[in-house]
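Keep in mind it's a predicted model, so treat the numbers as computed, not measured.
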Amino acid sequence: MSQEAGRRPVGAGETVAANRAWWDAEAEDYHAEHGAFLDDAGFVWGPEGWTEDELDLLGVTPDHTVVEIGAGAAQCSRWLARHRGARVVASDLSGGMLATSRRIDAGRADGTAPVPLLQCDGTRLPLADASVDRVFTAYGVVPFVADSEAVLREAARVLRPGGRFVFSTSHPVRWAFPDVPGPEGLTATTSYFDRTPYVESAAGVPTYVEHHRTLGDLVRQVVAAGMTLVDLVEPEWPERNRQSWGGWSPLRGRLLPGTAILVCERP
């Protein structure tokens with residue numbers, strides 16, 4: 001079966017089908033490769049390695065109800081429940097990723113209760129209006145949907161007034177550079193303003209899709225969703241992190257931002 005990768009238009013339905021199947025198939029391998037870095041009960045915002053314990057972007061307290069979207073194996077939710085005492089629900093489109101979460105919880109010997117899980121699309125949350133205090137995602141959902149503004153609208157809908165939505169994603173400048181960790185990844189080869197999605201295909205059928213938005217696009221989507229942008233964090237690569245993760249590396253991280261974290265509040 002022919003394998004292809006490149007930039008081309010792709011629809012919302014194709015995106016959902018491709019990414020659900022891809023993450024279902026890759027869930028265990030992804031955990032085997034990145035589980036030690038992420039920590040089964042850790043909260044890492046991106047490949048730089050900065051944690052919620054260090055940044056405190058969510059400001060979660062024990063009286064908060066929190067929903068994680070694009071949770072993967074629910075590492076971040078597990079950390080919040082254990083270290084912040086909040087009521088947390090972890091959701092993901094992929095049943096395979098949630099199965100990995102259940103396996104992690106089943107193997108824990110510290111008496112911690114399993115993280116409640118919900119399989120759903122981040123653009124359509126089965127939650128009541130104004131029912132939660134925090135919504136967040138660390139590298140989940142936003143780059144993997146055709147309509148990221150719908151994700152922000154849903155987050156705003158389910159948040160109580162004064163609630164907060166925080167999401168991290170690949171820094172949009174990444175799209176102008178080859179996705180490789182070495183020196184060849186430091187020369188721009190593509191227009192930053194080209195919003196054409198990246199698509200991997202087998203026999204013409206999409207098997208993995210990422211969508212690109214500029215930083216301005218993301219800020220406008222926050223405003224259109226009725227939220228206020230409180231902070232835009234572009235974390236620098238810390239000296240302590242000597243690991244590479246795909247195209248991210250200490251070399252590139254010293255010169256280019258790899259992650260953007262947007263902190264948004266519902267008035």
Side-chain angles (χ1 to χ4, degrees), residues 7-16 18-20 23 45-46 52 55 57-59 66-72 76 91-93 120-177 190-199 208-235 256-267:
R7 306 279 291 273
R8 67 176 178 85
V10 63
E14 291 177 298
T15 297
V16 170
N19 286 337
R20 179 191 287 118
W23 287 106
W45 278 110
E52 174 63 5
L55 302 180
L57 300 177
L58 281 168
V66 184
V67 173
E68 181 178 8
I69 57 176
C76 300
S91 69
D92 201 281
L93 177 68
C120 65
D121 190 321
T123 65
R124 294 188 298 275
L125 300 176
L127 302 170
D129 295 355
S131 58
V132 303
D133 302 290
R134 298 288 189 271
V135 180
F136 76 96
T137 182
Y139 270 80
V141 185
V142 173
F144 302 114
V145 295
D147 184 3
S148 55
E149 187 173 325
V151 176
L152 273 69
R153 287 196 304 268
E154 275 294 271
R157 180 185 67 79
V158 304
L159 280 171
R160 298 184 176 108
R164 180 170 288 195
F165 175 47
V166 184
F167 67 95
S168 65
T169 187
S170 299
H171 197 290
V173 77
R174 160 207 172 189
W175 286 76
F177 296 83
T190 305
S191 171
Y192 168 77
F193 301 102
D194 181 1
R195 276 84 162 178
T196 307
Y198 169 79
V199 183
Y208 176 89
V209 182
E210 277 194 57
H211 290 266
H212 168 51
R213 291 97 190 175
T214 67
L215 205 54
D217 293 339
L218 293 174
V219 171
R220 283 187 289 275
Q221 289 180 4
V222 171
V223 175
M227 291 188 286
T228 301
L229 182 65
V230 176
D231 198 0
L232 170 59
V233 182
E234 298 170 294
L256 295 170
T259 296
I261 311 175
L262 283 78
V263 181
C264 321
E265 289 186 351
R266 177 186 171 183

Within a strict 4.5 Å, meaning less than it, do heavy atoms of the [X] and [Y] side chains meet?
X      : Y      : answer
Asp194 : Trp175 : no
Val233 : Trp45  : no
Leu262 : Leu229 : yes
Glu210 : Thr169 : no

Quick one: closest heavy-atom pair of [X] and [Y], and the distance?
X      : Y      : value
Ala18  : Val209 : CB-CG2, 4.1 Å
Val135 : Val158 : CG2-CG2, 3.8 Å
Met227 : Pro267 : CA-CD, 4.2 Å
Ser168 : Ala138 : OG-CA, 3.2 Å
Leu93  : Arg20  : CD1-NH2, 3.4 Å
Arg134 : Gly59  : NH2-O, 3.4 Å

**Single hit among Thr123, Ile69, Asn19 for side chain to side chain contact (heavy atoms under 4.5 Å, CB included) with Val141** =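 By the side chain to side chain contact (heavy atoms under 4.5 Å, CB included) criterion, Val141 pairs with just one of Thr123, Ile69, Asn19: Ile69.
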Approximate separation, where rounding is to 0.5 Å, of [X] [atom1] and [Y] [atom2]:
X      : Y      : atom1 : atom2 : result
Glu234 : Leu256 : CD    : CG    : 11.0 Å
Glu52  : Leu57  : CD    : CG    : 5.5 Å
Leu232 : Leu218 : CG    : CG    : 9.0 Å
Phe136 : Phe165 : CZ    : CZ    : 10.5 Å
Asp133 : Arg160 : CG    : CZ    : 4.5 Å
His212 : Thr214 : NE2   : OG1   : 6.5 Å

**Asked** Hey, are Thr15 and His211 close enough side-chain-wise for a donor-acceptor pair under 3.5 Å?
**Response**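 Note: His211 and Thr15 side chains meet the donor-acceptor criterion.
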What pairs with [X] under ring pair (Phe, Tyr, Trp, His ring centres under 6.0 Å), at least two apart in sequence or on another chain?
X      : result
Trp23  : Tyr30, Phe144
Tyr139 : Trp248
Tyr198 : none

**Message:** Could you go through Asp231 and Arg164, starting from their C-alpha distance and side-chain angles, then the distance that decides it, and tell me whether this counts as salt bridge (charged side-chain N to carboxylate O under 4.0 Å, His left out)?
**Reply:** CA-CA 11 Å; Asp231 198 0; Arg164 180 170 288 195; over 6 Å; no
**Results of side chain to side chain contact (heavy atoms under 4.5 Å, CB included) for Ala176 - residues two or more places apart only** = Ala188, Tyr192
Polar side-chain atom of [X] near backbone of [Y] as donor-acceptor pair, under 3.5 Å:
X      : Y      : value
Ser91  : Glu68  : yes
Glu149 : Ala224 : no
Arg195 : Phe193 : yes

**Message:** Restricting to salt bridge (Lys or Arg N to Asp or Glu O under 4.0 Å), what partner residues turn up for Arg157, sequence neighbours left out?
**Reply:**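 Partners of Arg157 by the salt bridge (Lys or Arg N to Asp or Glu O under 4.0 Å) criterion, ordered by chain and then number, come out as Asp129, Glu154.
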**Message:** Glu14: which residues meet the salt bridge (Lys or Arg N to Asp or Glu O under 4.0 Å) condition with it, sequence neighbours left out?
**Reply:**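 So Glu14 forms no salt bridge (Lys or Arg N to Asp or Glu O under 4.0 Å) with any residue.
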